[in-house]
Amino acid sequence: MPEIDTQAFLADLHALRAIGRFRTGVHRPTYSPEDMESRRWLMRRLEECGLAPTIDGVGTVLGRHPGAGPHLLVGSHIESQNEAGWLDGALGVVAGIALARAGLPVDVCAFADEEGHFDVGFLGSRSAIGEVTEAAIDGSRNRTDGTPLREALQAAGLAGLKRMQLEAGRYRGFLEMHIEQGTQLEAAGQRLGIVTGIVAIWQFRIVIEGQQDHAGGTTMAERRDAGLTAVRLLAAIDEAFPRICGERSTWTTGRITLDPGAPSIIPGRAEILFQFRDVSVPVLERMEATLRALIRESNRRERCTATLEEISRNSPALCDPGLMGALSHAAEALCPGGWQAMPSGAGHDAQNVAKVMPAAMLFVPSIGGISHHWTEDTREEDLALGVRVLGAAAARILASADFADVDTGSAAKICDETRT
């Protein structure tokens, strides 16, 4: 078992936390000065660990191990949501540094813009597997202020750099350590989660057209109020979805915009951004069918017309049974009975990397389940345990003469259950 220097690991986490510090969290939006400073910090750390660091044309940092294979790829991302937590993403990258420092033959990556500040979505990991075209980069903008991605890359000093492509044949797989961003582990009194699969996110825009009119002069019987229709439709969705969803399905109304949005004007138009998530495609399909049926019913009953537009959909990613087995074996050895298998309710770079190589994730608890907020935190003893388990699992995978011989244990059964 490798000797992981947990004190150096924690020191690195806190050093990264100091870049863009916001209260007890961080503020490192993609390509901000703080984000680029954190990438330069990372490249120095990688070099100190004996890796050869590079940064590519979208800001993804990769540290390559110089030795012969087999290798593992380990990492996550280091930019943050606005005024958010210090561990989301950063934990997985710094864990990679710790494994490299322990002498394991790993490459360490920090994919750019996992947090989605730009509308191309999972820019770094999708670019690294060849899914992002130059045209997509040309058309992408910052979701908040509309800055073109090309302009942001120029300002960050990345324009003209070649985009990195992962050498899938170089790796036995990809490991990503992450905070849970939920309450399951804490509620169950468990210290580790072996991720069985990563949810797909299906996103839609619902537009409701009514009639803008005077709030005082138009009687209630005459109104075509797009806002009221939107509220009734969302209430119907919230009533219907629990009857057809999965155990860990979620659905979210992220934004409701009323036009013109004035107190004395009946809104003539409403726009809703709506998404749902699950790890099972049949469940996702049921949810979509139900959503479409509810919109048809709304159009039958209401005076306003609702239309549904698909924004994006991706596929759930089931974690690799062999990698899950190695993580499970290490977790049981270092924390007997203190771990559980579980799906991830959030999207991660691992779901994209899983398209080109085996991938798996390890969760540590989030205090109070809080994430995407500056109070996000995890106990240091859980952070240290997590990186030790990650290191032990990595060593087991790398030492196996035949990767297929890595003991899957209960992980294969859990993975089969997730598929159904």
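Worth saying up front: this structure is predicted, and the values here are computed from it rather than measured.
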query: Relative to the ring of Trp374, is the ring of Phe22 parallel (under 30°), tilted (30 to 60°) or perpendicular (over 60°)?
result: perpendicular
Side-chain touch [X]/[Y], heavy atoms, less than 4.5 angstrom:
X      : Y      : result
Arg39  : Ile78  : yes
Tyr171 : Leu72  : no
Val132 : Phe122 : no
Leu73  : Met357 : yes
Thr6   : Arg388 : yes

Regarding [X] and [Y], do their side chains bring together a donor and an acceptor under 3.5 Å, going by distance alone?
X      : Y      : value
Asp213 : Thr218 : yes
Thr183 : Glu186 : no
Ser371 : Glu376 : yes
Asp278 : Trp202 : no

Minimum heavy-atom distance between [X] and [Y], given as atom pair plus value:
X      : Y      : value
Asp12  : Arg45  : OD1-NE, 2.8 Å
Ala240 : Leu294 : CB-CD1, 3.9 Å
Asp349 : Ser76  : OD2-O, 3.7 Å
Leu91  : His178 : CD2-C, 3.9 Å
Arg277 : Gly345 : NH1-O, 3.2 Å

field: Arg313 vs Gln203, side chain to side chain contact (heavy atoms under 4.5 Å, CB included): CA-CA, chis, key distance, verdict
entry: CA-CA 6 Å; Arg313 69 174 69 204; Gln203 303 195 74; over 6 Å; no
task: Report the residue from Phe276, Phe204, Phe241 that forms a ring pair (Phe, Tyr, Trp, His ring centres under 6.0 Å) with Trp251.
output: Phe241
query: Given the rule in the salt bridge (charged side-chain N to carboxylate O under 4.0 Å, His left out) test, do Glu297 and Arg300 qualify, once you have shown the distances and angles that lead to the verdict?
result: CA-CA 5 Å; Glu297 179 63 13; Arg300 187 181 73 82; 2.7 Å; yes
